[in-house]
Each structure stands twice: as structure tokens, then as C-alpha cells.
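A short worksheet on the structure shown next.
Basis for what follows: all heavy atoms, side chains included, without hydrogens, waters or symmetry-related copies. Reminder, nothing fancy here: chain letters follow the sequence lines and each chain counts from 1.
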Amino acid sequence: MPKRTYVTTPIYYVNSVPHIGTTLTTVIADICTRYRALCGDEVAFTTGTDENGTKVMEAAIQKGKTPKEHTDEISQAFRDVFAAMNIQYTDFIRTTEDRHRVAVHQFFNILRDAGHVYLGKYEGWYDVSSETFYKETDLVDGKSPDGNEVRWVEEENWFFRLSAFEEQLLAKIASDPKFLLPETRKNEVVSFIKQGLRDMCITRKNPGWGITVPGDDSRIFYVWFDALISYLASTGWPGEGWENTWPADVHWMAKEIYTRFHATLWPAMLMGAGLPLPKSIIAHGWFTFGDAKMSKSKGNIIAPLELAEEIIAKTGCDHEVAIDAVRFVLARLLPAEGDTNFTRAEVDKHYNADLANDLGNALNRSLSMAHKFAEGKIPTGSVEPAMTAAIERAKADYASAMDVLRVDKAVDAACELVRFLNKYIDDRAPWALAKSGDTSLPDVLLSMLASLRTSEQLIRPIMPTVADRIAAQLNLPAQTDFADASLPAGTELGEPKPIFPRIDPKKAQELTVMETTPTTPPPAPVAAESNFITIEDFAKVQLKVARVLEAEPIEGSDKLLKLQVVIGEERRQVVAGIKANYAPIDLVGRQVIIVYNLKPAKLRGVESQGMLLAATDADGGAILLQPDREAPEGTGVK
RNA sequence: GGCGGCGUAGCUCAGUUGGUUAGAGCAAACGGUUCAUACCCGUUAGGUCGGUGGUUCAAGUCCACUCGCCGCUACCA
């Protein structure tokens, strides 16, 4: 049995439901898999959910559920979205499954027997919520860089000798240009490794939810250590038959989990275990929204299924087509190198231009002409050389793009052929040929149909349903591989029927208004109920009106200003991170709202005795709150 | 601070190893066409290719410096 082509997405962490980013990664991986299947490969495509770790347990408790109930629920939400997006994974692995635990244990045992792990003492600051250790110097104001609480821990833990693999990793990266993609990420990894790798602490004290270390229930594995092994566990390793699937051909992911984990830790783990390395590890960038990064806290997350609903509302297309359109836009806008701005306007633009005007219309007008000028049958004749050349070029461009995992470029190549077809039609003007009785008419019509048949092939991995619709309108069987693109003469063609109705500008307008107004808040947080505070809780916060007397920058700080404020009779010093948005001179004399009873803290060595209230703009900048009219300093605020 | 990248037409971006008039898509204007989902096709952009200075017969394309932005990574206050 030939080895299967094996594609993976990361297993997704179950702390929230899937958004456009997870959908992007998964759709892209799905497209790659479908492409390889059409090339004739046996394929395996694994996605799944990462369900271990303290955070998961805490989230479950907060919801009043068991971790099992909680993870079942969220994991199902991922499967639902993936099903809706027509993702054809062949395996969905959950890190709470037995097969995964077995693989993790076996992997650890191999590393231990080979001497690649050792028991050592860990001292440091530990951020429970991200399960990460920090050095003293990493801390910001006594908290983790992300602003989470940390606590000092001294634990005996297992360490993986990551430091021992520097040279092997660099050698592998240097010798195999397709191993780490894209190039810019590879460079980052190389410089990361060259700075020196530290051994990685791969266990934690057992908080009650995770995979325990073999023979030692007091510790569980660090989530990343176990999560990576899921790629292997999915193949059946260490049982029978895993060699049919492993090594993976492509690990797809977003950039934030690339350098430290997939491009460094994971290959080193495999080297340590004596297992083959994946062929390609590739990261894409992020979608940004306007100028802001898409994030839950900004409430600007676009949910893929909502996007499909919006397309339906704007166009009246049916559900499957809308899903395919979303897949198409995701692929077309794939942030291959950097980040890509992802807006509804961008989505609409590509829907109308590429799908409705170009592809949809080309199919429609071609079929219509075949009915008018060739009795609705595939004519007998031969494809004209110009069209043959265009088809061959499109196929070649498409294949070479897919081979280096540039799905966006492959989409370009497919669009290019459609544009050529439209131009060709105008050039050859079949309606004129029909009028004059020109004998080349059948060849021209056949060329048009051949082009569409190729388009059907090329878009199939991206828009499987649409490809089927095209085949149906041509009244030909859907293509099952890239070799088959036959056009049997005499075949009765189907009736032309628009697949992509154009976006109705009026409807789009109405929906766009929604976009600018504060959009729907992010999907109800998992623990919505328990996020409420009581009026008594709120009363604990004392807010007061203050006036700025002096303001000056703090030396060596990009963000901080030191302010002297007066609150009634009292004068206080407050440090505020508003330097980017406010010049000291503009602040003097201004009234502000401060949190009066906040515990003083030192920022950059400067004592801050309160906090200014400010909103955050799209760029993360500060927008100070100010009383609507002057109020005596010291006035309470509620 | 170190490493890397980016800055090209209104917008999104292409531009091979330096070589005739710097390209595509979208938007806009004008024209054409009628098979088609008011679609499609063609023409139109006078862009000092961030800035300055070099190398060269020749630079968007190499070098230096510089401004702005970003990524990774480190670290100081």
C-alpha cells in the first residue's frame, strides 16, 4: 500500500468556539487534501481538539460542568462548524481519547529510555492560565507579559533536552528547503535556534485534568508536549499501520504557534524518538479586520457561518454556494506571508468580480450560446490552439502553486483561465460566426466548454459544491481526478442557471450599516452567568473626578506618563499608559476620572496611586474619559 | 538592542540572476459588444517605484545612510 498523503491542522484549544482564523487554517488544509486526492493520492486529513490543561478544567468548573461535559460540548461545536464548511477530515482526534494518551505515554517512555528527558527542579514564576513559566525578567509589573497573575513555584519536573538538538535542527532546515515554510518564517526559526535553545519543562504538577506521566500520577504533561503527539497518535502509532500515514506531508497552522512549537520542539521530539520528520511545516499569517487585529475583546470577530448567511442575504444564493464562496474568499485572501485585511467589502468584491461576473457569467453565456448555436449539444470539433495553450498554462500554474502550498496563487491561476475565456469569447464572437455561417463555430464552442470543464477541475478542491453544479449544468459526471476532462461530443447540455446571483447593492448597503455600528457582541462567553458582578461588587470600586496638575513623560518608557492630580483636598501621583495618544501639555488642567481605591503599584519604578479611566480605540490607543461638564474635584462617580 | 521583512498607480498587490516606453486585479471615466447574471471586451492612471547618496554604460532590482511600518527574538532602565 502506497503511503497516504497526510495533512494536518493544529488541534484547536477548547477555550472558545471556532472563528474565522481556525476556519481559515482548516479550509486551507482541506483544500490541500482535496487537491492531493484529485491528483490520485490516498489522503489522510486530521484535525481535532486540544482538551487538556488547567484552563480547560477551570472553564468547566465555572460553567458548573465536568471537564468531560465541557470538552464534549466545545469539541462538538468545532465539528459542527467544520461540517458546515464542508471540511472532509478523515480523523478528528481529541487529546482526551485513550489512543492519544497511549501514544503520549509511549513517546515519553521512548524519550526517557533514550535519555532525552530528565527530572530536574524548576523554579520560576508560573502563569496558570497560559500554563507557561516565566523568568523574573519576563514579568511586567509582577504579572505575566499577557497580564495574568503568576505565582512562584518550585517543582521537580521532567525536562526535554531540547538544547541537545540545535545542530541537528539547523542541519535539517538547511538541507531541506521545503521543510519550513514560508521562507520568512524559516529565517525566524533559524535565528531563534541560533540564539540557543533551552531545555523545555514538559510536565506540571497535576491539577486534576490532563495526561499523567507514566508511573507518576503527581504530574501531568505540559499541554504542548502532549498536543503535538496527537499528529502521530492519529496515524495509529504506536500500533499497527502507522507507517502508511506517517510522516505527515503538511502541518498547517497560523504563525503564532510556529516557531517555538511546531518548527522547533516538535521536530526535536521526533528526532529524539527516532521517528521520521514531517515533510513540510507551514504557517500562514492572520486576518486583520480594518486596521485592528481580530480579537474577541474587540468584538470584531467574523464567524464564518455568519459570513455565509450574509452572502445569502445579499445575493439570494443558496446555502451550499454561500459556503463555497466563503471557502473561495478564504483561499483567495490567504495571508501567505504577512497578514491580510479581511473585510466584508473585500469579500463582496471577490464574490461579485471573480465568482458572479467572471466564473458564473462565463458559464452562463457559454451554455446559452451552445443552446442557441449548437442545439444544446457538445459539438464535434477540436479545441482551438489558443485555448489549449491557455488551459495548459492555467493547469501548470495551478499545480506549481499547489505544490508549494500557495493556495492563494492556485486560485489566481484558476481565475486567470476564466478571464481568458471571457476574452476569448469576445475575440471569437460566436454570435457573429453563427450569423455568417463560419465553419469554425463548433471549434469555438467546444473550446469554451473545454475551458469551463478545466475550471470545474481547478476550483473543485476549493469549491466542491460549485464544481458539482458546473458539472451538472454541463450534464457531465463530476470529475474525480485531474486526468479526466473529457467532453463527449453529442452530450446534451443542461440549462444555464446562474449559480452566483450578484450582490444586490441595496441589500449590501443595509448590511454594511451593521458593520459600522457596534456589531453583535462576541458569542456569549462560556461563563456568561458567572461574569456578572453584583451592585455590591461594583460599590467596592471608588471612582472620583480629578484634575491633572502636572504631566511629564517617564524616562525610558514608550507608553507611560507621570501625572500629578488633585482630588478634592488630596494630591496624588498617577502613572498612565497614554503617552501615545496624549501630549503632557494637553493634559494639564483637564478633568479625568480615576479609580480612587486601587492598590498603589510601581510602574517603571514610579509609584502610581490610582488609575485613569480610558476607552481603547481600534489601535489599542487610549481615549480618556472626561465629565460631560466640569465637576468639583473629588466628586464620586457611579 | 539583535536578526528578518516591508514601504511600487485611489485601493489590494506582482515585479525573475540590474537592461528597450514599470505590470495585474478592484474602483473610476470613456468607448465597444449583445451570447450572458446592467454582464463581458477595449482604451484611459501622466505612479520622481519611502528619502538621500553611491556602484554601473544601465537600478524599482546591488551598496551605504536615513525616515516610516511590521514580524521574530533579546534585554536595559
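- Annotation: B/G60 and B/G50 have their P atoms spaced 10 Å apart (nearest Å).
- A residue-by-residue look at A/Phe500 and A/Arg185 shows that A/Phe500 has its nearest nucleotide of RNA chain B further toward the 5' end.
- For the pair A/Asp408 CG and B/G25 C1', the interatomic distance rounds to 14 Å; values are reported in whole Å.
- Atom CG of A/Asn364 and atom C1' of B/U34 are 14 Å apart (whole Å).
- Atom C1' of nucleotide B/C26 and atom CG of A/Asp348 are separated by 13 Å, given to the nearest angstrom.
- Separation of the A/Phe261 and A/Phe225 ring centroids does not fall under the 6.0 Å cut-off.
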Counting primed atoms plus P, OP1 and OP2 as sugar-phosphate and everything else as base, spell out the protein contacts along nucleotides 38-45 of chain B at 4.0 Å heavy-atom distance: B, S or - for each nucleotide, 5' to 3'. -SBSS---

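- Rounded to a whole Å, the NZ atom of A/Lys255 is 10 Å from the C1' atom of B/C72.
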Carefully, step by step, assess A/Phe328 and A/Ile459 under the rule side-chain contact (heavy atoms from CB on, under 4.5 Å). CA-CA 9 Å; A/Phe328 175 86; A/Ile459 64 160; 5.7 Å; no

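- With both ends at atom C1', the span from B/A45 to B/G25 equals 14 Å, rounded to whole Å.
- When rounded to the nearest whole Å, the span between CG of A/Leu445 and P of B/A36 equals 13 Å.
- A straight line from CG of A/Leu363 to C1' of B/C35 spans 13 Å, rounded to a whole angstrom.
- If you take atom C1' in B/C40 and the same atom in B/C63, they sit 49 Å apart, rounded to whole Å.
- B/A36 atom P lies 17 Å from atom CD1 of A/Ile499, rounded to whole Å.
- In terms of heavy-atom proximity, A/Pro335 sits nearest to A/Leu24 at CD-CD2, 3.7 Å.
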Which pairs, protein N/O on one side and nucleotides 11-18 of chain B N/O on the other, fall under 3.5 Å?
none

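- Salt bridge absent: A/Arg502 and A/Asp348 never bring a charged side-chain N and a carboxylate O closer than 4.0 Å.
- Nucleotide B/A36 forms no Watson-Crick or G-U wobble pair with any nucleotide shown, as no partner meets the under 3.5 Å limit on both distances.
- Seen from the ring of A/Phe179, A/Lys186 does not count as a face-on cation partner, given the 6.0 Å and 45° thresholds.
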Step by step, work out the salt bridge (charged side-chain N to carboxylate O under 4.0 Å, His left out) result for A/Lys255 and A/Asp339. CA-CA 10 Å; A/Lys255 65 184 181 181; A/Asp339 295 343; 2.9 Å; yes

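- For A/Tyr258, the ring-ring contact (aromatic ring centres under 6.0 Å, His included) test picks out no residue, with sequence neighbours left out.
- Using a 30° and 60° split on the angle between ring planes, A/Phe500 and A/Tyr351 fall in the perpendicular class, above 60°.
- Figure legend. B/G1 is base-paired to B/U73; pairs are counted as Watson-Crick or G-U wobble with both atom distances under 3.5 Å.
- For A/Arg428 and A/Glu384, the salt-bridge test passes: some basic side-chain N is under 4.0 Å from an acidic carboxylate O.
- Residue contacts shown for A/Pro501 include a base, since a base heavy atom lies under 4.0 Å away.
- Pairing of B/U43, defined by two Watson-Crick or G-U wobble distances under 3.5 Å, is identified with B/A29.
- Residue A/Ile193 contributes atom CD1, which lies 13 Å from atom P of B/A74 at whole-angstrom precision.
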Given the rule in the salt bridge (charged side-chain N to carboxylate O under 4.0 Å, His left out) test, do A/Asp354 and A/Lys349 qualify, once you have shown the distances and angles that lead to the verdict? CA-CA 8 Å; A/Asp354 300 332; A/Lys349 180 181 121 179; over 6 Å; no

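- Comparing the C1' positions of B/U61 and B/A14 gives an interatomic distance of 14 Å, to the nearest angstrom.
- Residues A/Pro267 and A/Leu277 come closest through the heavy atom pair O-CD2, 3.6 Å.
- Comparing B/G46 with B/U21, their C1' atoms are spaced 13 Å from each other, to the whole Å.
- Remark: A/Arg460 engages A/Asp468 in a salt bridge, criterion side-chain N to carboxylate O under 4.0 Å.
- In the displayed structure, A/Glu375 atom CD is contacted under 6.0 Å by at most 12 heavy atoms of other residues, nucleotides or ligands.
- Separation of the C1' atoms belonging to B/U66 and B/G31 is 47 Å when rounded to the nearest angstrom.
- Comparing B/G10 with B/C76, their C1' atoms sit 44 Å apart, to the nearest whole Å.
- Of all the heavy atoms in A/Asp324 and A/Thr465, the pair that sits closest is OD2-N, 2.9 Å.
- Within residues 315-331 of chain A, no residue has any heavy atom under 4.0 Å from RNA chain B.
- Among the atoms of the strands shown, none is found under 4.0 Å from any heavy atom of A/Arg332.
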Steps toward side-chain contact (heavy atoms from CB on, under 4.5 Å) verdict (A/Tyr424, A/Val444): CA-CA 9 Å; A/Tyr424 174 85; A/Val444 172; 3.9 Å; yes

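- Here the two rings, on A/Trp224 and A/His262, have centers that are under 6.0 Å apart.
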Protein-nucleotides 2-8 of chain B N/O pairs closer than 3.5 Å?
none

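- Considering OG of A/Ser455 and CG of A/Leu421, their distance stands at 7.0 Å, rounded to 0.5 Å.
- Taking all atoms of both residues into account, the shortest heavy-atom contact from A/Leu493 to A/Leu474 is CD2-O, 3.5 Å.
- Near-neighbour residues of RNA chain B inside residues 367-384 of chain A, defined by a heavy atom below 4.0 Å, number-ordered: A/Ser368, A/Met369, A/Lys372.
- Rounded to a whole angstrom, the distance from the C1' atom of B/U16 to that of B/A59 is 15 Å.
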